[in-house]
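The structure appears below as structure tokens.
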Amino acid sequence: MKQRWRLLALWGLPLLLAALLGWQILSGGASRFRPTAGGADGTVEGSSIASARNTAVARMSYGRFLDYVKAGRVTAVDIFDGGRTAVIEAVDPDLDNRVQRLRVDLPGVAPELVNNLKEQGISFDVHPPKAPSPVLGLLGNLLFPLLLIGSLIFLARRSSGMPGGPGQAMQFGKTKARFQMEAETGVKFADVAGVEEAKQDLEEVVTFLKTPERFTSVGAKIPRGVLLVGPPGTGKTLLAKAIAGEAGVPFFSLSGSEFVEMFVGVGASRVRDLFKRAKENSPCLIFIDEIDAVGRQRGAGIGGGNDEREQTLNQLLTEMDGFEGNSGIIIIAATNRPDVLDSALMRPGRFDRQVSVDAPDIKGRLSILKVHSRNKKLAEAVSLEAIARRTPGFTGADLANLLNEAAILTARRRKEATTITEIDDAVDRVIAGMEGKPLTDGRSKRLIAYHEIGHALVGTLVRQHDPVQKVTLIPRGQAQGLTWFAPDEEQSLVSKAQLRARIMGALGGRAAEDVVFGHAEVTTGAGGDIQQVASMARQMVTRFGMSDLGPLSLEAGNQEVFLGRDLMTRSDVSDAIANRIDGAVRSIVQDCYTDTVALVASQRDCMDRLVELLIEKESLDGDELRQIVSEYTTVPEKDRFSPLLEEDRPAQPLEQPLATL
């Protein structure tokens, strides 16, 4: 209400001044009479008569005017502007003695002129200039300063909400946290699926805020801080919204980057202001998203780190668990980089509990799909369980994006409901990118077909490799062709045979080019495959101990400079061991490539048929590919883990999820 009255006063002042000024002008112009100094008879005439007399048809010089006075040709004189001008009525002999009104510029009302007019018996009037109103003059003098001051106040008011504006001069060190007495995020725990363990930990926080006696009666204390850790898109911020919607207590939310400014000390001031407001509204919740922006390890980087960020972190550590304490304030933070956080921030007493929010398993994906499909029109043939099986590794954000892309495709194709075709296309788009134009160059198309069939053939005939889901020549993203594999649901442990099979599968494209076109005609299409092969082979030697060097960890120091540890990376192995590592990596890759070339060469007829079919259809399903391969050789049975889902209806045969190599 105060702001409203201030705004009304700000606009009312200049409007009032303008109204007063207009009233004075109109009232002065509407005045009907003003006094005039008369001649011998001393008459007083109205202003309208005076205005009529102050008109002339021509001008006359002062000397000629005196001659006319002496000759008796002037009959009347009206003096205006304090004696500077005069309008005379004179008889002109050249115009048949007609009376004319002429204007004369006078040097001033001289006594001799007045005496001369009296001697000649000429009637004259002196019309004094109009005296301006004192109020009008005062307003005229004050109008511009008042308008200038009002404009400055108006600009200051408008700039008060802008960063760095005049109104923010005293608010620079205040917190930017959004405050809600009772947060209405529209999200409850029922809207969060796929992270049941994390939900259970956070529901305890909400229960403590609502019924603290349940915990205090047995001597339990609620954690002061909860750190949500997990990959991007797993639902950390969504969990925080659910906590805010369920808790029913004051809620502060902000990002870690909002503490950090260019000026040293501003971030620490904002931290103090945040906790001051939180203590005033205790008990309450504070949610800090992306806390790694302010909580990175101190002393990091070249030159000792960033003073502003470190002072902000020091103040945050003090407020969370310092001398005074912060009873009644529960801090919830989220990050996907827990490795860069300062150890003092991670200790019990500040963040007592770390909650891992990982990518959901198949049951979690199914529950997430049920939540996000509530407002989607799905065809009866679409099975959410089938989609869940096809999308291992997908996070909650990926699944939401998948269903949204499928709905967009449904609207684009003018269908009433989303079918399995839109789901398949949406999966391909989410993983590999937008579909491009089909290839038209016959030679390039055939070369890419042999490359992709090489991947698919090796993946099909090597028992430890993931089965082929689909092979396509339709470009997506940066890839001209793609071979999709269906990884197993359980990928936490990978054997040496599986790693070797993956290396052979990645080398299948280059091996096919080598067998069909010759070593001199291999292309750059296998560049990405070779990078993956080198990385997997080196990890087998240096990280997993799967080489002749034995079960040793031979990884070189890989800590980055910004983490504040070593300025330069150090090698933990000697030059001789480094040479042996390179030799072991080369040996693994060479052995795998030799076996891959031999496998592809032995199935040349099968590969030629598959290539011709792929060029004709542009896409081959995994089942169709395995059926054709089985006509030429025995396709090994692959061990697959298919978790059972508790559904009311029996599970139908479903396709395996898609994945890129």
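Here, residue 1 is the first one in the sequence, and each next residue gets the next number. The analysis underlying the following values was restricted to heavy atoms, covering all of them including side chains, and did not include hydrogens, waters or symmetry mates.
- Within the model, atoms CZ of Phe287 and CG of Leu239 stand 9.0 Å from one another, a figure rounded to the nearest 0.5 Å.
- Remark: the Glu290 side chain and the Thr335 side chain contain no N/O donor-acceptor pair separated by less than 3.5 Å.
- Checking each of Lys445, Arg446, Lys617 against Leu473 for a side chain to side chain contact (heavy atoms under 4.5 Å, CB included) leaves exactly one that passes, namely Lys445.
- Surrounding CD of Gln539 are more than 12 heavy atoms belonging to other residues, nucleotides or ligands, all under 6.0 Å away.
- Side-chain N or O atoms of Thr542 include one that pairs as donor or acceptor with a backbone N or O of Arg538 at under 3.5 Å.
- Formation of a donor-acceptor pair under 3.5 Å by the Ser535 side chain with backbone atoms of Gln532 is not found in this model.
- For the residue pair Gln590 and Ser587, no side-chain donor N or O sits within less than 3.5 Å of a side-chain acceptor on the partner.
- Panel note: side chain Ser356, backbone Val229; no donor-acceptor pair is recorded below 3.5 Å.
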Could you check Ile291 against Leu345 for side-chain contact (heavy atoms from CB on, under 4.5 Å), going step by step and ending with a plain yes or no? CA-CA 10 Å; Ile291 195 174; Leu345 186 65; 4.1 Å; yes
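- Put simply, the side chain of Thr312 does not reach to within 4.5 Å of the side chain of Leu316, judged on heavy atoms.
- The aromatic ring centroids of Phe485 and His465 lie less than 6.0 Å from each other.
- Val522 places none of its side-chain heavy atoms less than 4.5 Å from the side chain of Phe517.
- Summarising the geometry of Ile474 relative to Ser619, their closest heavy-atom pair is CD1-OG, 4.0 Å, with the distance given to 0.1 Å.
- Under a 3.5 Å cut-off, the side chain of Lys236 and the backbone N or O of Pro231 do form a donor-acceptor pair.
- Among Arg412, Lys376, Lys415, the one residue that satisfies the salt bridge (Lys or Arg N to Asp or Glu O under 4.0 Å) test with Glu422 is Lys415.
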Run Ser255 and Asp289 through side chain to side chain donor-acceptor pair (under 3.5 Å) and show every step you take. CA-CA 5 Å; Ser255 173; Asp289 198 9; 5.9 Å; no
Residue pair Gln627, Ser630: steps toward the side chain to side chain donor-acceptor pair (under 3.5 Å) verdict: CA-CA 5 Å; Gln627 182 180 359; Ser630 64; over 6 Å; no
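- With hydrogens and angles disregarded, no donor-acceptor distance shorter than 3.5 Å links the side chain of Arg389 to the backbone of Ile362.
- Contact check for Ser373 versus Leu384: side-chain heavy atoms found under the 4.5 Å cut-off.
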Can Val430 and Phe394 be said to form a side-chain contact (heavy atoms from CB on, under 4.5 Å), step by step? CA-CA 10 Å; Val430 169; Phe394 273 45; 4.1 Å; yes
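- No side-chain donor-acceptor contact under 3.5 Å links Arg543 to the backbone of Ser553.
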Start with the C-alpha distance between Leu402 and Val427, add both sets of side-chain angles, then the distance that settles side-chain contact (heavy atoms from CB on, under 4.5 Å), and finish with yes or no. CA-CA 6 Å; Leu402 169 63; Val427 171; 3.5 Å; yes
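- The structure places CG of Leu228 at 8.5 Å from OG1 of Thr237, a figure rounded to the nearest 0.5 Å.
- To the nearest 0.5 Å, the span separating CG on Leu378 from OG1 on Thr419 amounts to 10.0 Å.
- In this structure, Arg580 does not pair ionically with Asp548, as no charged nitrogen and carboxylate oxygen lie closer than 4.0 Å.
- A salt bridge between Arg429 and Asp425 is absent, with no side-chain N of the basic residue lying under 4.0 Å from a carboxylate O of the acidic one.
- Residue Arg502 is tested with Val494, Leu507, Val462 for a side chain to side chain contact (heavy atoms under 4.5 Å, CB included); the sole match is Val494.
- Looking at Glu612, its side chain never comes within 3.5 Å of a backbone N or O of Arg609 through a donor-acceptor pair.
- Between the side chains of Thr483 and Glu452, at least one donor N or O sits under 3.5 Å from an acceptor N or O.
- Under 3.5 Å, the side chains of Asn404 and His372 contain no donor-acceptor pair of N or O atoms.
- Here the side chains of Trp484 and Val468 are not in contact, with every heavy-atom distance at 4.5 Å or above.
- Looking at Ser253, its side chain never comes within 3.5 Å of a backbone N or O of Ile286 through a donor-acceptor pair.
- The number of heavy atoms from other shown groups lying within 6.0 Å of CD (Glu637) does not exceed 12.
- Of the possible polar contacts, one joining the Asn314 side chain to the Glu310 backbone as a donor-acceptor pair under 3.5 Å is found.
- Contact of the Asp608 side chain with the Tyr450 side chain is registered, since non-hydrogen atoms from C-beta on lie closer than 4.5 Å.
- Distance CD/Glu385 to CZ/Arg365: 11.0 Å, rounded to 0.5 Å.
- Between Asp339 and Arg337 there is a salt bridge, since a side-chain N of the basic residue sits under 4.0 Å from a carboxylate O of the acidic one.
- For the pair Arg347 and Asp352, the salt-bridge criterion is not met [side-chain N within less than 4.0 Å of a carboxylate O].
- With contacts defined as side-chain heavy-atom distances shorter than 4.5 Å, the pair Pro232/Thr395 does not qualify.
- Ion pairing of Glu196 with Lys199 is present here, as a side-chain N (NZ or NE/NH1/NH2) and a carboxylate O approach within less than 4.0 Å.
- With salt bridges taken as basic N to acidic carboxylate O contacts below 4.0 Å, one links Lys470 and Asp428.
- The 12-atom threshold is exceeded at CZ of Arg604, counting heavy atoms of other residues, nucleotides or ligands nearer than 6.0 Å.
- Proximity of Arg626 to Asp623: side-chain heavy atoms (C-beta onward) are separated by under 4.5 Å at one or more points.
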Take Val226 and Phe351, measure what side-chain contact (heavy atoms from CB on, under 4.5 Å) needs, and give me the verdict at the end. CA-CA 5 Å; Val226 178; Phe351 284 114; 5.7 Å; no
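- Atom CD1 of Ile628 is separated from atom OG1 of Thr460 by 11.0 Å, given to the nearest 0.5 angstrom.
- A distance-only check finds a donor-acceptor pair linking the side chain of Asp361 to the backbone of Gly364 [under 3.5 Å].
- In this structure, the side chains of Cys592 and Arg500 come closer than 4.5 Å at one or more pairs of heavy atoms.
- Distance CD/Glu513 to CD1/Ile448: 9.5 Å, rounded to 0.5 Å.
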